[in-house]
Colleague: 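Here it is: the structure, laid out below.
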Amino acid sequence: MKIRITEKSNLSKIDFSNLGFGAGLSDHVFICEYKNGSWGEGSIEPYGSLSQGLGLHALHYGQAVFEGQKAYRQKDNSIAIFRPEKNLKRLNISAKRMLIPEVPGDIFINGLTELIKVDSDWVPKGENQSLYLRPFLFSSSEFVAARPSEEYTFAIVTSPVGELYSKAVKVKVEQSFTRAASGGVGYAKAAGNYGGSFLATHNAVKEGFNQVLWTDHAEHNYLEEAGTMNVAFVLNNKLVTPILSDRILAGITRDSILTLAKEWNITIEERRIKVDELITALKDGSLNEAFGMGTAAVVSQINGIGFNDEIFSVPIPKNGIAMRMKKALSAIRYGESEDKFNWMYHI
Ligand SMILES: Cc1ncc(COP(=O)(O)O)c(C=O)c1O
């Protein structure tokens with residue numbers, strides 16, 4: 001693979017003692033183009049501008065999908081990525097829905113591996129820190145006609161990050177806006193899903209919430225997922241989470257937590273959850289805890305749920321399922337416990 005090293009590193013500008021989320025981008029990118037019906041080889045380049053003009057298809061028609069994953073500094077100072085084959089699979093599920101050519105597995109994995117090797121100094125060493133990896137895939141022909149692009153670009157940028165939420169979060173049950181409808185693109189990690197959700201989230205944030213808890217498009221009666229995380233509830237000591245559908249992103253953190261829950265003999269229910277059931281459980285105390293699950297959010301305890309202008313408090317137990325999951329996942333990710341499920345891909 002061709003590797004072009006930057007002449008001017010930005011590494012010294014990063015305050016590793018105070019990492020936010022997603023602001024400082026690492027020195028290099030991986031970039032690979034799809035032209036005339038096939039993928040090129042791909043190369044590592046210094047971070048910089050695209051060469052395309054304003055006719056860029058993705059900007060007009062939104063044929064654009066992405067992934068979010070992380071690389072972790074191991075106890076022995078080596079680096080490992082969490083379940084990259086799951087992100088590859090989901091990227092290509094998203095691509096298929098958006099009529100974008102799938103990215104071959106070797107391009108995806110080699111691109112990630114070589115990029116992380118080149119920018120290995122960007123992988124932080126602090127507690128709860130990691131290198132966030134953002135593979136993305138977009139239509140890159142230049143024309144203005146509403147038809148699929150002929151050319152596509154697959155690229156990866158990375159960014160050293162800390163925790164997205166260092167405290168418990170408040171979510172608002174969304175009763176008017178909709179994130180995704182049946183038959184739509186909710187299950188794809190399509191760029192437009194996020195653009196379309198910002199207004200509802202912005203309104204919820206103005207009201208003092210961190211995120212929206214989406215409900216179904218038809219009646220707003222069933223819980224779906226939160227802004228950038230799947231959700232789970234501990235109801236009468238059972239782990240209950242909305243069943244996946246074509247409106248919900250199949251989270252890799254969700255899958256990992258359900259795998260651990262099975263291992264720990266926790267009773268799991270993947271099913272439709274009525275908003276009314278949640279509100280009743282909040283009132284009668286049968287909701288033991290609630291949490292979000294996602295790459296950026298990791299495991300985020302939910303301490304408040306807003307519904308109909310009321311805010312209900314949710315218990316945040318110190319040794320509940322959420323905190324135990326968070327610890328167990330963290331130990332696997334940083335190489336501090338046995339990787340029983342072979343989740344870590346070592347660079
Ligand atoms: C809409 C949405 N749901 C769920 C998730 C959680 O998915 P994962 O655990 O794979 O990060 C994310 C985060 O990427 C998301 O953006």
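Just follow the structure's listing: the first ligand is 1, and inside any ligand the first atom is 1.
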Colleague: Closer than 4.0 angstrom, basic N to acidic O: yes or no for E224 and R179?
Modeller: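 The answer is no: the pair does not qualify as a salt bridge.
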
Colleague: Quick one: are the ring centres of H28 and Y47 less than 6.0 Å apart?
Modeller: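 No, too far apart.
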
Colleague: Work out which heavy atom in H220 is nearest to a heavy atom in S176; give both atom names and the distance.
Modeller: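 Shortest heavy-atom separation between H220 and S176 comes out as NE2-O, 3.3 Å.
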
Colleague: Do V171 and V231 share a hydrophobic cluster, counting only Ile, Leu, Val, Met, Phe, Trp and Tyr and linking them when any side-chain heavy atoms are less than 4.5 Å apart?
Modeller: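 Hydrophobic grouping puts V171 with V231.
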
Colleague: Would you please indicate if the ring centroids of Y194 and F66 are separated by under 6.0 Å?
Modeller: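 Under 6.0 Å, so yes.
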
Colleague: What distance do R147 atom CZ and Y61 atom OH have between them, rounded to the nearest 0.5 Å?
Modeller: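 Between R147 CZ and Y61 OH, I get 9.0 Å after rounding to 0.5 Å.
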
Colleague: Write down, by chain and number, every protein residue that brings a non-hydrogen atom to less than 4.0 Å from an atom of ligand 1.
Modeller: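 Contacts of ligand 1 under 4.0 Å: R90, R179, K189, Y194, E225, G227, T228, M229, N230, L249, G251, I252, T253, M293, G294, T295.
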
